Student: 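If you scroll down you'll find the structure; I have some questions about it.
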Amino acid sequence: RSVSTSLPALRRLSHYLLAHYQKGARPVRDWRTTTNVAIDLMVYAILSVDEKNQVLTTYIWYRQHWTDEFLKWDPARFDNLTQISLPVESIWVPDILINEFVDVGKSPHVPYVYVSHHGEVQNLKPIQVMTACSLDIYNFPFDVQNCSLTFTSWLHHIRDINLSLWRQPELVKFDRSVFMNQGEWELLYVLTHFQEFSVKSSDSYAEMKFYVVIRRRPLFYTVSLLLPSIFLMLMDIVGFYLPPHSGERVSFKITLLLGYSVFLIIVSDTLPATAVGTPLIGIYFVVCMALLVISLTETILIVRLVHKQDLQPHVPEWVKHLLLERATILLCIRDRKKFSQTKPTPYVCEGPWECGAVGSTRSALAFAGQTEGSAALQEILRETTAIRQLLEKREEFRDAAREWLQVGYVLDVLLFRVYLAAVLAYSITLGTLWSVWRDA
């Protein structure tokens with residue numbers, strides 16, 4: 001090759017290397033020689049995680065280098081120049097692609113590569129990678145995602161192009177030197193793995209896998225999703241301390257149920273949605289709604305029991321035995337004597353007019369014996385007896401209502417403690433699971 005020595009060293013070297021260069025063939029003098037491509041990447045940012053479409057968008061700094069046997073020179077002939085940048089379109093470049101690519105990102109074009117006098121070509125470029133990833137959102141918002149980036153030659157077999165790792169795996173694993181660590185996701189580590197891949201017993205291909213492991217920061221979702229739900233459930237538990245015979249408890253729990261429904265409508269867009277599964281936090285919200293409904297149902301039942309009604313039957317004996325005797329001991333109710341089974345007390349007149357009516361009945365009986373045949377006195381006797389029976393009937397109804405009130409109070413304490421135990425068990429289970437996932 002004849003190159004004018006009057007030209008600058010860069011131009012002379014560029015003309016010397018590219019004048020008769022053939023970029024259409026693999027740059028080896030012996031076709032049996034394998035071209036080894038060393039690759040490396042550094043994660044710069046996690047741009048987005050699309051749970052619905054199962055797509056991860058990352059921004060990486062990608063590096064690869066290989067040896068081109070036709071891009072070597074003697075530095076002494078070119079003013080001791082040992083490195084030069086050449087247009088990437090003018091030389092052979094390996095067809096290294098990412099298998100998980102689903103869309104072409106907005107990556108800047110780097111038009112040059114570095115070439116050293118030994119023939120080593122270094123191609124460095126930033127890439128916006130949109131890749132398919134199997135995202136598991138069951139542990140949301142304490143989820144950890146593991147997405148792979150598989151680099152391989154799309155056409156060349158392993159005997160033509162082989163892949164290797166530029167740096168040691170330990171250096172790649174914990175390299176966060178360029179990672180932007182202020183977003184929703186934090187980078188835990190990057191694992192590497194090399195393997196040979198073949199399809200239907202054909203020639204093998206070299207694959208280099210990079211496993212990008214990221215973890216979601218849960219603080220925002222804890223404050224906006226979990227804490228409001230926990231506060232509403234605590235208010236539902238506090239609502240049990242309202243008197244069961246008053247109607248305020250029912251209206252209070254209905255208000256809580258409506259408020260929780262509005263809360264779920266507001267946060268529905270925040271929860272990730274997939275077609276294959278539901279996050280545990282979604283199940284948590286559904287169970288909390290079910291617990292609120294159960295609490296309202298229990299309140300309606302208790303109010304129905306303690307509500308005074310005419311013609312209300314007496315409490316069955318087995319109910320008295322179970323609730324007023326056994327349950328009071330089991331629940332450690334202090335005033336057990338108040339709920340113990342007592343015999344109906346005889347009717348006591350409430351006013352002087354009732355006592356007067358009773359006394360007049362006795363005198364009327366004596367007088368009726370003395371003055372037989374007096375129709376007027378017989379009529380007075382019948383009316384007075386009817387009044388006494390009415391008063392005794394009313395007192396019997398009061399005793400039945402008092403018994404049902406006692407049953408309602410004991411049943412309210414029993415159901416409240418069962419409900420509280422269920423809520424605590426459910427909360428401890430979820431808290432333990434989320435704590436394990438967060439610290440994993």
Side-chain angles (χ1 to χ4, degrees), residues 39-64 96-110 124-152 165-167 169-193 207-226 267 269-282 434-440:
I39 63 177
D40 184 27
L41 67 81
M42 293 183 290
V43 180
Y44 181 75
I46 306 296
L47 300 181
S48 68
V49 178
D50 188 352
E51 294 90 354
K52 183 177 182 179
N53 297 316
Q54 300 283 290
V55 174
L56 171 69
T57 304
T58 56
Y59 197 80
I60 63 174
W61 289 2
Y62 174 70
R63 304 187 300 173
Q64 61 181 8
I96 305 298
L97 301 177
I98 301 178
N99 287 344
E100 294 86 357
F101 256 135
V102 294
D103 195 3
V104 178
K106 299 178 181 179
S107 304
H109 177 64
V110 180
L124 292 76
K125 55 184 177 180
I127 306 176
Q128 179 179 327
V129 183
M130 301 182 65
T131 56
C133 179
S134 180
L135 300 173
D136 184 9
I137 62 170
Y138 182 75
N139 302 340
F140 175 88
F142 305 99
D143 50 331
V144 176
Q145 306 297 341
N146 187 349
C147 299
S148 63
L149 303 178
T150 306
F151 292 85
T152 184
L165 199 60
W166 189 324
R167 296 182 294 168
E170 293 76 14
L171 298 178
V172 178
K173 182 177 182 179
F174 298 106
D175 186 6
R176 303 187 187 93
S177 57
V178 299
F179 182 70
M180 296 182 61
N181 201 28
Q182 302 300 323
E184 178 183 355
W185 296 88
E186 61 175 325
L187 177 65
L188 297 181
Y189 45 83
V190 179
L191 301 177
T192 57
H193 176 66
E207 287 186 349
M208 182 64 71
K209 285 183 174 288
F210 292 86
Y211 295 96
V212 180
V213 183
I214 56 177
R215 179 171 59 191
R216 193 192 305 265
R217 291 188 171 94
L219 180 60
F220 169 76
Y221 299 99
T222 302
V223 173
S224 61
L225 298 182
L226 292 180
V267 304
D269 295 334
T270 308
L271 297 178
T274 61
V276 295
T278 303
L280 182 60
I281 192 172
W434 280 331
S435 299
V436 171
W437 293 334
R438 182 177 57 87
D439 298 334

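On a predicted model such as this, the values are computed, not experimentally measured, just so you know.
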Student: Going through the distances and angles, do Val144 and Asn139 end up as a side chain to side chain contact (heavy atoms under 4.5 Å, CB included)?
Tutor: CA-CA 8 Å; Val144 176; Asn139 302 340; over 6 Å; no

Student: Any heavy-atom pair between the side chains of Phe142 and Thr222 that's under 4.5 Å?
Tutor: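 Yes, at least one pair of side-chain atoms sits under 4.5 Å.
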
Student: Would you name the heavy atoms of Glu100 and Ser148 that are closest together and state the gap between them?
Tutor: OE2-OG, 3.1 Å

Student: How long is the gap from CG on Leu47 to OG1 on Thr58, to the nearest 0.5 Å?
Tutor: 7.0 Å

Student: Considering all heavy atoms of both residues, which atom of Ile214 and which atom of Ile46 are nearest to each other, and what is their separation?
Tutor: CG2-CD1, 3.9 Å

Student: Ignoring hydrogens, what is the shortest heavy-atom contact between Tyr62 and Ile39? Give both atom names and the distance.
Tutor: OH-CG2, 3.2 Å

Student: Would you compute the distance between atom CG of Asn146 and atom OG of Ser134 and round it to the nearest 0.5 angstrom?
Tutor: 10.0 Å

Student: Counting C-beta onward and ignoring hydrogens, is there a side-chain heavy-atom pair between Leu41 and Phe151 closer than 4.5 Å?
Tutor: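 Touching, per the 4.5 Å side-chain cut-off.
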
Student: Measure the acute angle between the ring planes of Tyr59 and Tyr44, then classify it against the limits of 30° and 60° as parallel, tilted or perpendicular.
Tutor: perpendicular

Student: Counting distance only, does the side-chain N/O of Glu184 pair as donor-acceptor with the main-chain N or O of Arg217 below 3.5 Å?
Tutor: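 No: the side chain of Glu184 does not pair with the backbone of Arg217.
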
Student: For the OG atom of Ser224 and the CG atom of Leu219, what is their distance to the nearest 0.5 Å?
Tutor: 9.0 Å

Student: I need the minimum non-hydrogen distance between Pro126 and Pro108, along with the two atoms involved.
Tutor: CG-CG, 3.5 Å

Student: Return the CG to CD1 distance between Leu280 and Ile137, rounded to the nearest 0.5 Å.
Tutor: 11.0 Å

Student: Taking only residues two or more places apart in sequence, or in another chain, which ones meet Ser107 in a side-chain contact (heavy atoms from CB on, under 4.5 Å)?
Tutor: Ile127, Gln128

Student: Report yes if some heavy atom in the side chain of Ile281 is under 4.5 Å from a heavy atom in the side chain of Pro141; otherwise report no.
Tutor: yes

Student: So do Leu271 and Leu225 actually touch side chain to side chain, heavy atoms under 4.5 Å?
Tutor: yes

Student: Excluding sequence neighbours, so at least two apart, what forms salt bridge (Lys or Arg N to Asp or Glu O under 4.0 Å) with Glu51?
Tutor: Arg216

Student: To check you understand the geometry: which heavy-atom pair defines the closest contact between Met208 and Leu165, and what is its length?
Tutor: CE-N, 3.7 Å

Student: Locate the shortest heavy-atom distance separating Asp136 from Gln145; write the atom from each residue and the value.
Tutor: O-NE2, 2.9 Å

Student: Kindly compute the distance separating CH2 (Trp166) from OG1 (Thr192), expressed to the nearest 0.5 Å.
Tutor: 15.5 Å

Student: Measure the CZ-CG distance between Phe210 and Leu149 for me, rounded to the nearest 0.5 Å.
Tutor: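 Here the rounded value is 8.5 Å.
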
Student: Taking everything shown except Phe179 itself, do over 12 heavy atoms lie less than 6.0 Å from its CZ?
Tutor: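 Yes - once you tally the heavy atoms of other residues, nucleotides and ligands closer than 6.0 Å, there are more than 12.
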
Student: Counting only pairs under 3.5 Å, give me each side-chain donor-acceptor contact of residues 171-178, with atom names and distances, residues two or more places apart or in other chains.
Tutor:
residue: Asp175; atom: OD1; partner: Ser177; partner atom: N; Å: 3.1
residue: Asp175; atom: OD1; partner: Ser177; partner atom: OG; Å: 2.8
residue: Asp175; atom: OD2; partner: Arg167; partner atom: NH1; Å: 2.9
residue: Asp175; atom: OD2; partner: Arg167; partner atom: NH2; Å: 3.2
residue: Arg176; atom: NE; partner: Leu187; partner atom: O; Å: 2.8
residue: Arg176; atom: NH2; partner: Leu188; partner atom: O; Å: 2.3

Student: I want to check something: taking the side chain as every heavy atom from C-beta on, are Val55 and Ser48 in contact at a cut-off of under 4.5 Å?
Tutor: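 SC-SC contact between Val55 and Ser48 ruled out.
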
Student: Apply side chain to side chain contact (heavy atoms under 4.5 Å, CB included) to Val129 and Phe101, showing your working.
Tutor: CA-CA 7 Å; Val129 183; Phe101 256 135; 4.0 Å; yes

Student: Please determine whether side chain to side chain contact (heavy atoms under 4.5 Å, CB included) holds for the pair Val110 and Leu124, giving the CA-CA distance in whole Å, both sets of side-chain angles, and the decisive distance to 0.1 Å.
Tutor: CA-CA 8 Å; Val110 180; Leu124 292 76; over 6 Å; no

